Participant: 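Let me begin by handing over the structure; questions about it come next.
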Amino acid sequence: MLRIIGGTVYDPANGINGQVKDLFIDGGKLVASAAEGRTIDATGMVIFPGGVDVHTHVAGGSINFARAMTPEDHRRTQAFIRSQTRRSGIGGMAPTTFATGYLYAGMGWTTVNEAAVPVLSARHTHEELADIPIVDKSCLVLMANNEIMLDLLEEGEYERAKQIVAWHIWAAKAYGVKAVNPGGVAAWKWGKNASQLTDPIEGYATLTPGSIVTHLARIVAELGIPHPLHLHCNNLGVPGNISTTLETVKHLDGARAHLAHLQYHAYGGDDWDTMKSEAAQLADYFNSHPNLTTDAGAVLFGDTVTISADGPWQHLLYKLTGRKWGNLDVENETGCGIVPYTYRPSNLVNAVQWATGLELLLLIDDPWRVFLSTDHPNGACFWRYPEIIQLLMSADFRKECMAPLPTAIKNRITLPEIDREYTLYEIATIISAGPARALGLHHKGNLGEGMDADIVIYNREDDIARMFGHPRYVIKGGEIVIEEGDIRETPDGREYLVKPFYEPDTEEFLRPRFEDRYCMSFENYPVEMERIERSQIQACASPDSSDSPQ
Amino acid sequence: MGGKVTCTLGEVKNRADFIVYWGGNPAECHPRHFTKYTLMQKSKFLPRGRKDRTVVMVDIRETKSVKAADIFLQVRPGKDFELMTILRAMVKDQEVSDEQIAETGLTREQLTDLIARMKGARFGVMFFGMGLSMTRGKHMNSAALLTLAAEMNAFTKFVAMPMRGHGNVTGADVIMRWQTGYPFGISFNRGYPRYNPGEFSTVDVLVRGDTDCAFIIGADPGATMPQPAIDHLAKIPTIVLDPHVTHTSRLARVHITTAPAGIAAPGTGYRMDEIPMPLRPALESPYPSDEEVVRRIKEAIAAKPDWMGQQPQMLLSQI
Amino acid sequence: MNPITFRLKQEPTVTLEAEVITPDRMLEMSRAEIAASTLYHGKRQRRLDEFFEIDGERSDHLILHGDLTRVRHLGRAMTRGSLTVQGDVGMHLGAQMKGGKIEVFGNASDWLGAEMLGGEILVHGAAGQQVGAAYRGSMAGMRGGLIVIDGAAGIEVGMRMRRGTIVIGGRVRDFAGLEMKGGTIVLQQGAEIRTGAWMRRGTIISLQPLQLMPTFAASGSFNPTFVAVYSNHLRQHGIDLPYRAEAGRYERFVGDRAIPGKGEILIWRENAA
């Protein structure tokens, strides 16, 4: 049992905005009262629900490929030293699994969603997730370039495609569905891309990226998956891609969707020389379409490694930078590209990207629909989130950071005209309550009774980045994991899954198609339930879900 | 500066119409490679199977695998790196003289033809074996092939992949990477992982005599390493976990017999393309698994006083 | 200022990591502090005075005696002063150093002066592999300073170096100047194979014939003035770099065309007597 008394609580899920309130914890949950146990005097301190990252890349084949490619970064970054209770690790651009848990928890994040998992290597992803301590985890399976599903959509077999998606979610032991560059990754297998939403995809007669978006969003909704379709639009990072993005969301036909790393999809201009931010236009559209949520995919200046299932974009980046390039195509499902990258304030394109991310966060007016992310590690590493919080909370600090940008930035961004400053309540919404709700994790990002006792306690400080980078206490599942900057406990987190309903004959339908294309036995393809450590199945909204087969 | 551009083996099966084996002998070393992935398979994109694929074998001698190839390029021993570097130049239309090409044992016509086929392929793949990675030049030979494949993507789709062997070496590589950031050649002596092949790789540590104890799982260095390394293993306390009696277990102070992984012990094996496969034991073994032995040793060590002394939790600057 | 003398009194049985022994650190330390500073013997922390007899304090001139083959990271990132080794010495000597001078009267090991930024390293014996090189994955090796080795050196000398000078008196093994981006390597006794492979820029001067990569092209012969300047500069280290037209000329080769790069390899041809 634990009591936290006298703290100033920001709990947007319950409309609590800076009220002094005592919190009581028992059995890992928040409760009405606790008679005994340690008492934390949080007088004068700020209390948030634990952070929730809706979109990050922390486990699996791609980030592990990035680790292999960046030993020079591992050497220059922070190292965690082992102790009798803690594993060693390396931070930096692509942190090791143990360090990932320590770094997230160290800044008060207690739930993370790994946003890109191929079924074929899902077993690997889960093995890595099991090695990320402290935080709770979930992951999204990549479907928008799954060739078995694409073939079915081309054949007009919508119902069958839906069964296949449900089967794959369960096979991957995933929590939801991610669509990356629909059709484009499949085309990349031939060194091509899919840049027009209404043009047929390379290798298909009629199927277009637009129709994949329409169908997948509907499938995810009909299966009752708690998190809507997690959508990485086509033409990521390309000047002028605002038109693609707007066309993509129109293809949703009003269905719910979460738009991943929107910053990378909000550009105007015709080429790199004329590229500008269209965040204002996109935010306008977004504000009037309540079916959408998004995460910013904000960029911070500095070194990082970009890693994306968007192979074509990564090849372009390699050609632009002349640095190392890794690429991994995954049969029938997806691919990924990896390129180390440095965002520089002196580079006009990078400066526009930096401003665009902040503009989206500042111009989308509902904090329940736009969340903090950097698309880690693409825009910046997740452990730099406190810097973004500072940029959002201080217009003066933003002005300071804009000073060194190239003069040509004028008329390409609207950031200088925005004077909005986030309140603590709004910050608590975009880093915790909002993403938890969008993920459908209702017991997260919420300090109400009965909810998970994931709590962050900050010292109130003028230096905002410091305040959010160094919480006084972090409590995960009722246990104090961080205290005064020290890692106290490293409990293992849970993994959230869903088990959507699919027709019992799906497997037999799938088997010959699988055996035709893949090169492993069908039995070895799905991840067995016993391979998931501390799993927790979340309910799907569909009434059928209770009598799922298996 | 190049990089690694690769794919899973199913991509090769489904799409590769142009396949190069360089310094490898799959017919004898990876006997299922031809039939499962590269030659015999038909697919939606390659409906005529073998007829839709071109196979090139590059090697210093005519191995058994050569019979399966459409084109055999016999490179002069020790000239692989030079040949790959010439190809990198020629695909970019850089001049290389006939005499310089002849040094590699091949002719301009052979190389011009090869490059035309590479650029004309829809999906090219290059596999390389120990004939490349373990001969003079070693990691630079691998780097040359990986870079050539990466650079070919300026013209068409191209990937490269090492033909790895020795059980689950890929699995060890994958797990070391997620736990430490590095694939092999790692030292933990400072309480956090440090990487430097040549300094911390097993064979170098043993040859220099930099270690006073050895713990060996799933490997038989006593059969493969140079004599000074083996001599050092015999001199220090060496502990071996292995289902079988091996060269190494014979020179070890302690040999703990364990259940064979994949046969009597479950787990995950990583294929050469890093795809994880479940290992489902078919038999029972009276012996414990490697994992259990290691866990029990670890528990016993944890009960002892820590040797680390006072250490900060985190270092901002490493040595 | 009197130097501090370190005399190895106990042979390490495994590697001994001694990054604390740099002029910068020792300048600030009393004798007691030096004695108590930490070395890593394998995984164990040991006091410096368990391994070394120490004479002197608070100096940025250090002299080490003994067989230091297993002692690594000496002079790491030093910026000033001097470090003299009487004997053989282990890996990473002077890695990332920025200034000052290191002199070895014996043999040095691998990664000598790796990623160094400035200063001088003189080795009167042989050196190991990756002299002045980039560590694995780094974009740049040596970025300034001078390394002079009287004896031979191993593979990958000056790998990815960007600036600075490396002079090797003895024969060098494969891949000297691998992926070089700038700076100068002087090979007094030539090298084995693959010299200058994949180089982008920079200069390799060899006083002996070289087996060149097939991707280098001959580009005339000449007596460049910059070699004369170099020659004058290196004379203070007892190095004789020929440049006079009366004595011979340099044949110039440009590559590596695989990149395609603009590096140059100059090979000295003496005039026929």
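No hydrogens, no waters, no symmetry mates; every other heavy atom, side chains included, goes into these values. The sequence lines fix the lettering, A, B, ..., with proteins before strands; numbering per chain opens at 1. Computed from a predicted model, the values in this text were never measured in an experiment.
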Participant: Between B:P183 and chain A, which part of the residue has a heavy atom less than 4.5 Å away: side chain, backbone, both or neither?
Facilitator: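 When you check distances to chain A, no heavy atom of B:P183 falls under 4.5 Å.
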Participant: Output, in order, the C-alpha distance, side-chain angles, deciding distance and verdict of side-chain contact (heavy atoms from CB on, under 4.5 Å) for B:M272 and B:M163.
Facilitator: CA-CA 7 Å; B:M272 65 167 74; B:M163 300 280 284; 4.2 Å; yes
Participant: Regarding A:D151 and A:R513, does a basic nitrogen lie under 4.0 Å from an acidic carboxylate oxygen?
Facilitator: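 No, this pair does not count.
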Participant: Is it the side chain or the backbone of A:D486 that comes within 4.5 Å of chain B heavy atoms, both, or neither?
Facilitator: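 Backbone plus side chain of A:D486, per the 4.5 Å heavy-atom cut-off to chain B.
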Participant: Taking the side chain as C-beta and beyond, is there a heavy-atom pair between A:V141 and A:V119 under 4.5 Å?
Facilitator: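 They are in side-chain contact.
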Participant: Quick one: which of B:D173, B:V174, B:L9 has the most heavy-atom pairs under 4.5 Å with chain A, could you say?
Facilitator: B:V174
Participant: Using non-hydrogen atoms only, which part of A:N524 is less than 4.5 Å away from chain B: side chain, backbone, both, or neither?
Facilitator: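 For A:N524, heavy atoms of backbone and side chain both lie under 4.5 Å from chain B.
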Participant: Under 3.5 Å, side chain of B:S201 to main-chain N/O of B:D204, donor-acceptor pair present?
Facilitator: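 Flag not set: sc B:S201 to bb B:D204 has no pair under 3.5 Å.
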Participant: So if I take each residue of residues 87-101 of chain A and look for any heavy atom under 4.5 Å from a heavy atom in chain B, which residues do I end up with?
Facilitator: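 Listed by number, the contacting residues are A:R87, A:S88, A:G89, A:I90, A:T96, A:T97, A:F98.
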Participant: Would you indicate whether the side-chain heavy atoms of A:D73 and A:V305 approach each other to under 4.5 Å?
Facilitator: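 No. Closest side-chain heavy atoms not under 4.5 Å.
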Participant: In Å and rounded to the nearest 0.5 Å, what is the CG to CD distance from A:L510 to A:E515?
Facilitator: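 Between A:L510 CG and A:E515 CD, I get 9.5 Å after rounding to 0.5 Å.
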Participant: Can you tell me which portion of B:V12 sits under 4.5 Å from chain A's heavy atoms? Options are side chain, backbone, both or neither.
Facilitator: neither
Participant: Under a 4.5 Å heavy-atom cutoff, which of A:R86, A:E128, A:E523, A:R75 has the most pairs with chain B?
Facilitator: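 Highest number of pairs under 4.5 Å: A:E128.
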Participant: Checking A:S521 against chain B: side chain, backbone, both or neither under 4.5 Å from a heavy atom?
Facilitator: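 Contact with chain B is absent: no heavy atom of A:S521 under 4.5 Å.
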Participant: At a heavy-atom separation under 4.5 Å, does B:Y270 approach chain A through its side chain, its backbone, both, or neither?
Facilitator: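 Just the side chain, heavy atoms under 4.5 Å.
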Participant: Could you tell me if the side chain of A:K173 sits less than 4.5 Å from the side chain of A:E528, heavy atoms only?
Facilitator: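 SC-SC contact between A:E528 and A:K173 ruled out.
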Participant: Just how far is it from atom CD of A:E533 to atom CG of A:L129, taken to the nearest 0.5 Å?
Facilitator: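 A:E533 atom CD to A:L129 atom CG measures 10.5 Å (nearest 0.5 Å).
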Participant: Any chance you could measure B:F184, atom CZ, to B:T202, atom OG1, to the nearest 0.5 Å?
Facilitator: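 B:F184 atom CZ to B:T202 atom OG1 measures 10.0 Å (nearest 0.5 Å).
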Participant: Do A:E114 and A:K137 sit within salt-bridge range, that is, some charged N less than 4.0 Å from a carboxylate O?
Facilitator: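 The answer is no: the pair does not qualify as a salt bridge.
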Participant: B:R190, B:R280, B:E274, B:K36: which one forms the most heavy-atom pairs within less than 4.5 Å of chain A?
Facilitator: B:R280
Participant: Under a 3.5 Å distance rule, please check whether B:T8 uses its side chain to pair with a backbone N or O of B:D273 as donor and acceptor.
Facilitator: no
Participant: Apply ring-ring contact (aromatic ring centres under 6.0 Å, His included) to B:F34 and list each qualifying residue two or more places apart in sequence or on a separate chain.
Facilitator: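 Result, ring-ring contact (aromatic ring centres under 6.0 Å, His included) vs B:F34: B:Y21.
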Participant: For B:Q311, which atoms come within 4.5 Å of any heavy atom of chain A: side chain, backbone, both, or neither?
Facilitator: side chain
Participant: Below 4.0 angstrom, N of the basic side chain to O of the carboxylate: do A:E72 and A:R76 qualify?
Facilitator: no
Participant: Quick test of your reading of the model: are B:R15 and A:E147 salt-bridged, counting only N-O distances below 4.0 Å?
Facilitator: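 Between A:E147 and B:R15 there is a salt bridge, with a charged N closer than 4.0 Å to a carboxylate O.
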Participant: Non-hydrogen atoms of chain A under 4.5 Å away: do they reach the side chain of B:K298, the backbone, both or neither?
Facilitator: neither
Participant: Is the ring pair A:F514/A:Y518 parallel, tilted or perpendicular, if the boundaries are 30 and 60 degrees?
Facilitator: parallel
Participant: Please look at A:E127 and chain B and tell me whether the side chain, the backbone, both or neither of the residue comes under 4.5 angstrom of a heavy atom of that chain.
Facilitator: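 Interface part for A:E127: both.
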Participant: Between A:E202 and B:K157, is the closest basic N to carboxylate O distance under 4.0 Å?
Facilitator: no
Participant: Testing B:T38, B:V20, B:V159 one by one against B:F127 for a side chain to side chain contact (heavy atoms under 4.5 Å, CB included), which residue passes?
Facilitator: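 The single option meeting the side chain to side chain contact (heavy atoms under 4.5 Å, CB included) with B:F127 is B:T38.
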Participant: Counting heavy-atom pairs under 4.5 Å with chain A, which one of B:A302, B:G267, B:S317 comes out on top?
Facilitator: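 The candidate making the most pairs under 4.5 Å is B:G267.
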Participant: Between atom CZ of A:R531 and atom OG1 of B:T268, what is the distance when rounded to the nearest 0.5 Å?
Facilitator: 3.5 Å
Participant: Please flag which part of B:R194 lies under 4.5 Å from any non-hydrogen atom of chain A: side chain, backbone, both or neither.
Facilitator: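 Looking at B:R194, nothing touches chain A.
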Participant: Chain A: which of B:Y195, B:F188, B:Y182 shares the most heavy-atom pairs with it under 4.5 Å?
Facilitator: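 Answer, by heavy-atom pair count under 4.5 Å with chain A: B:Y182.
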Participant: Parallel, tilted or perpendicular: which describes the rings of A:H168 and A:Y525, with under 30° parallel and over 60° perpendicular?
Facilitator: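 Perpendicular, since the angle between the ring planes exceeds 60°.
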Participant: Mind checking which of residues 40-50 of chain B sit less than 4.5 Å from chain A, heavy atom to heavy atom?
Facilitator: B:K44, B:F45
Participant: For chain B, which candidate among A:I132, A:T70, A:T77, A:V527 shows the most heavy-atom pairs at distances under 4.5 Å?
Facilitator: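 The residue among A:I132, A:T70, A:T77, A:V527 with the greatest pair count is A:T77.
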Participant: Above 12 or not: heavy atoms from other molecules or residues under 6.0 Å from CD of B:Q94?
Facilitator: yes
Participant: Look at B:P312, B:P278, B:C7, B:A154 and state which one has the largest set of heavy-atom pairs under 4.5 Å with chain A.
Facilitator: B:P278
Participant: For chain B, which residues from residues 56-67 of chain A lie under 4.5 Å away (heavy-atom distances)?
Facilitator: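 Contacts with chain B: A:N64, A:F65, A:R67.
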Participant: Test your reading of the model: is there a side-chain donor-acceptor pair from B:N153 to the backbone of B:F158, 3.5 Å cut-off?
Facilitator: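 It does hold such a pair.
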